[in-house]
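Read the structure below first, then the notes.
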Amino acid sequence: MVALFDSSDRLVYCNEEYRATYAGMEGEIIGKHFDELLAHFTQTGKLATTTEGKTRWSAQRRDRRNTPAKFFRARTSTGRWLEVTDYPVAAGGLLTIASDITEKVEREERLHRHETALQLLNRRETLGQMTAAIAHELNQPLAAIHNFAAGCVLRAKNDQLEREDMIAVLNNMQSQSERASAILRSMSNYLHNDDADRDAVRFDEILRSVQLLIQPESSATGVAVTIDDQCGEVTLHCARIEIEQLLINLIKNGIDACREAEREDAEVSVTARCEAGEIVIDVADAGRGFAPDMPAQTAFSAFRSTKDKGLGVGLAICETIVLSHGGTIAVTKSDAEGACLTVRLPLEVQK
């Protein structure tokens, strides 16, 4: 649909398809103001919008006269999607072109669902690989609670349990139960399947959650993970679960690389620093770098993996997460001494 409006936002030309949408409107539509046309379109139920939506639409049109061509999307009452583009023309007019993009929107929605499912699959694969280590880590606080309780019962039977001793034992049991609960809570959050909302989150809290989830794998493999947070209490606008997934993927890859290199005292180092409105995160390992058949420039290609049972989606998902937050990710080092991946994330939400 094509329509031309003058500087006072009155219709001066339209094609037959545009005219057909106003077939039930009284009188000739040429010469009518845009607000009249929009009111008819919404009152007849052809456009699903609110009064606030109409006001905002009119205000945006006035603003577009001073800016380059812009588009926005609107949904009709029949469920079809329209993409409306306004082009400023000479003498302050607007050329409006509306196209049906329903199929395009449906493809985007399907792609979003597939990406969400793939991210969930990746989280489950990663957590599945760490199950044994996490079970071992959980066994420690549970065993400690059992021992504290058994000792307390034994001393109570022998009339040897003093009040202060009992309080100390209960405090220890509470501490161990909180440790186990924190691990389980992190696992549950990590496997959450809902679309991730973007909120202001302190970055040091994200790092603490990541460290809690990755610690069992670090202990089980003997590969130390060091985290150097130079950002303090800086706040990042992000989908927290996705940033945690990003960091866990990168650290887990680093641990695997260190194990394969079989070097003593190998470690994965995570360094976070703030630079000019963004967080820069370096994840470095002491492995052997990327394999010859998987050069650094193809590291983020999907379904390419150097692991026997890997799905080959870890780094591809990392790139998707970073790009969706308006950031960048790159291999900044890859040689016989190890690899380093650098992530840059803007602190503010990208519109």
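No hydrogens, no waters, no symmetry mates; every other heavy atom, side chains included, goes into these values.
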Arg198 and Ser324: which non-hydrogen atoms are nearest, and at how many Å?
NH2-O, 2.8 Å

When rounded to the nearest 0.5 angstrom, what distance separates CG in Leu341 from SG in Cys318?
8.0 Å

Just to verify, what does Gln230 make a side chain to side chain donor-acceptor pair (under 3.5 Å) with, not counting sequence neighbours?
Asp228

Under 4.0 Å between a Lys/Arg side-chain N and an Asp/Glu carboxylate O for Arg288 and Asp335?
no

Any luck finding a side-chain donor-acceptor pair between Asp86 and Thr96 under 3.5 Å?
yes

Point-to-point distance, once rounded to the nearest 0.5 Å, from CZ of Arg263 to CD of Glu337
5.0 Å

One thing to verify: whether Arg208 and Glu244 come together as a salt bridge, which I'm taking to mean a side-chain N less than 4.0 angstrom from a carboxylate O.
no

Starting at NZ of Lys157, measure out to SG of Cys152 and round the result to the nearest 0.5 Å.
11.5 Å

In terms of heavy-atom contacts, Tyr13 and Leu11 come closest through O-CD1, 3.1 Å

So which atom in Val268 and which in Cys258 form the shortest heavy-atom distance, rounded to 0.1 Å?
CG2-SG, 4.1 Å

Nearest 0.5 angstrom please: Glu278 CD to Leu236 CG, how far?
11.0 Å

Please check if the number of heavy atoms outside Glu233 that lie under 6.0 Å from its CD is greater than 12.
no

Non-hydrogen atoms of Ile214 and Lys252 that approach each other most closely:
CD1-N, 4.4 Å

Pair Glu106, Thr102: side-chain N/O donor-acceptor within cut-off below 3.5 Å
no

Has Thr342 got a side-chain atom pairing as donor or acceptor with Thr332's backbone, closer than 3.5 angstrom?
no

Between the CG atom in Leu94 and the CZ atom in Phe5, the distance rounded to the nearest 0.5 Å is 8.5 Å

Can you check whether Gly327's main-chain N or O pairs, donor with acceptor, with His325's side chain at less than 3.5 Å?
no

Would you compute the distance between atom CG of Leu246 and atom CG of Leu345 and round it to the nearest 0.5 angstrom?
6.5 Å

Verify, without hydrogens or angle tests, whether His237 (side chain) and Pro346 (backbone) share a donor-acceptor contact under 3.5 angstrom.
no

Looking at Arg10 and Glu36, is any side-chain nitrogen of the basic one under 4.0 Å from a carboxylate oxygen of the acidic one?
yes

Crowded around Asn158 CG? As in, over 12 foreign heavy atoms under 6.0 Å?
yes

Please tell me whether Thr226 and Ser269 have a donor and an acceptor in their side chains that are separated by less than 3.5 angstrom.
no

Following the transitive rule for hydrophobic clusters with a side-chain heavy-atom cut-off under 4.5 Å over Ile, Leu, Val, Met, Phe, Trp and Tyr, establish whether Leu250 and Val280 coincide in one cluster.
no

So which heavy atom on Ala266 is nearest to which on Ala286, and how close?
CB-CB, 4.1 Å

Considering non-hydrogen atoms only, spot the tightest contact between Ile281 and Phe203 and give its length.
CD1-CZ, 3.6 Å

Val201/Thr235 under side-chain contact (heavy atoms from CB on, under 4.5 Å): CA gap, chis, key distance, verdict:
CA-CA 5 Å; Val201 185; Thr235 297; 5.8 Å; no

Quick one: do Arg240 and Glu205 make a salt bridge, cutoff under 4.0 Å?
yes

Begin from the C-alpha positions of Tyr87 and Ile97 and carry the test side-chain contact (heavy atoms from CB on, under 4.5 Å) through to its verdict.
CA-CA 8 Å; Tyr87 299 89; Ile97 299 177; 3.9 Å; yes

Is there a side-chain contact (heavy atoms from CB on, under 4.5 Å) between Val270 and Asp282? Walk through the geometry before answering.
CA-CA 6 Å; Val270 180; Asp282 294 318; over 6 Å; no

Between Cys14 and Leu4, is a side-chain contact (heavy atoms from CB on, under 4.5 Å) present by the stated rule, with each step listed?
CA-CA 6 Å; Cys14 67; Leu4 180 63; over 6 Å; no

Answer yes or no: is there a side-chain heavy-atom contact under 4.5 Å between Arg19 and Glu28?
yes

If you group Ile, Leu, Val, Met, Phe, Trp and Tyr by side-chain heavy-atom gaps below 4.5 Å, do Leu170 and Val153 land in one group?
no

